[in-house]
Amino acid sequence: MDSWLVLGPTALAGAGLLVLAGVPKVADPGDLVRALRATGLRIHPLLVRGFALVEVVAGVAAVALPSRPSLAVVALLHAGFTGFVILALRRGGVVASCGCLGRADTPPTRAHAATTGLLALAAGGLAVPAPVDPWWSAGTASVVVTVLLAGFIGFLAWQVIAVLPSTTPPAVRSTGRA
């Protein structure tokens with residue numbers, strides 16, 4: 001079976017999420033700067049803003065012109081995010097969001113790490129054997145299926161990263177009474 005049909009929608013969703021996560025950080029890198037500092041990493045806001053711009057450009061490039069280099073960058077970015085989430089979790093987590101989804105209440109979770117890890121694997125799987133033709137040249141039915149799957153996978157990834165943690169009930173607090 002063609003690897004593009006299997007991994008393509010997930011890689012496109014990952015590329016799209018780079019754009020959606022990068023734009024808020026370009027506009028305001030403060031949340032990510034605070035998240036990085038909470039894990040012991042000191043990075044200037046201008047560098048964070050520049051990195052977010054790289055995210056946006058990489059995501060757009062991978063969707064518009066999927067190739068070995070563009071998909072490799074998507075894979076590397078998601079692998080880096082996975083590493084950061086794991087670092088944040090190991091160091092006790094980050095109290096606030098990294099700003100990736102424009103919300104201040106989306107701290108990193110294991111599900112977040114797993115999702116970005118899977119997005120990295122999908123894009124990386126396509127970066128090795130590059131697609132011969134762009135995804136949109138496969139014929140109308142294949143393009144429709146790819147776009148629908150990419151949207152669905154992107155929506156699921158967003159649910160796991162952004163919505164799921166906010167719907168988890170808060171921990172029961174001890175009142176000291178028996």
Side-chain angles (χ1 to χ4, degrees), residues 9-127 150-151 153-171:
T10 304
L12 288 175
L17 284 173
L18 287 178
V19 176
L20 292 175
V23 168
K25 291 183 285 191
V26 169
D28 179 15
D31 286 336
L32 181 55
V33 169
R34 284 185 289 282
L36 291 166
R37 288 184 179 157
T39 60
L41 303 171
R42 304 270 184 232
I43 298 178
H44 194 275
L46 285 176
L47 187 58
V48 171
R49 186 170 271 145
F51 181 79
L53 187 58
V54 169
E55 275 184 78
V56 173
V57 171
V60 169
V63 169
L65 297 168
S67 63
R68 290 180 77 179
S70 67
L71 292 168
V73 171
V74 169
L76 289 172
L77 286 169
H78 279 293
F81 299 145
T82 303
F84 172 72
V85 171
I86 291 169
L87 175 69
L89 290 171
R90 289 185 143 218
R91 293 190 175 174
V94 177
V95 176
S97 168
C98 62
C100 297
L101 300 166
R103 292 177 32 174
D105 59 349
T106 52
T109 63
R110 285 186 209 112
H112 189 162
T115 301
T116 56
L118 290 173
L119 294 171
L121 289 173
L126 287 173
I153 292 166
F155 174 75
L156 288 177
W158 172 72
Q159 290 287 306
V160 167
I161 294 170
V163 176
L164 187 62
S166 65
T167 60
T168 305

Is the side chain of H78 donor-acceptor paired with the backbone N or O of G14 at a distance under 3.5 Å, no angle test?
yes

I'd like to know if the side chain of T10 and the backbone of L118 have a donor-acceptor N/O pair within less than 3.5 Å.
no

Atom pair CG/CZ of L36 and F51 - distance to nearest 0.5 Å:
9.0 Å

Tell me the closest heavy-atom pair linking L32 and K25, and the distance in Å.
CD2-CD, 3.7 Å

Does L17 reach the side chain of T115, with side-chain heavy atoms less than 4.5 Å apart?
no

d(L126 CG, L71 CG) to nearest 0.5 Å is 5.5 Å

For V60 versus V19, what's the shortest heavy-atom pair and its separation?
N-CG2, 3.6 Å

How many angstroms lie between atom CZ of F81 and atom CD1 of I86, to the nearest 0.5 angstrom?
13.5 Å

For a side-chain contact (heavy atoms from CB on, under 4.5 Å) with L18, tell me which candidate from V56, V54, V74 qualifies.
V74

So do the side chains of R37 and R42 get within less than 4.5 Å of each other, counting heavy atoms only?
yes

Where is the tightest heavy-atom contact between R68 and A127, given as atom of each residue plus distance?
NE-O, 3.0 Å

Search all heavy atoms of A58 against all heavy atoms of L77 and return the closest pair with its distance.
CB-CD1, 3.8 Å

Heavy-atom nearest pair, A123 first then A75, reads CB-N, 3.7 Å

Specify the closest pair of heavy atoms between A52 and G22, including all atoms of both residues, with the distance to one decimal.
CB-O, 3.6 Å

Sorted by chain and residue number, the side chain to side chain donor-acceptor pair (under 3.5 Å) partners of T82 (sequence neighbours excluded) come out as T116

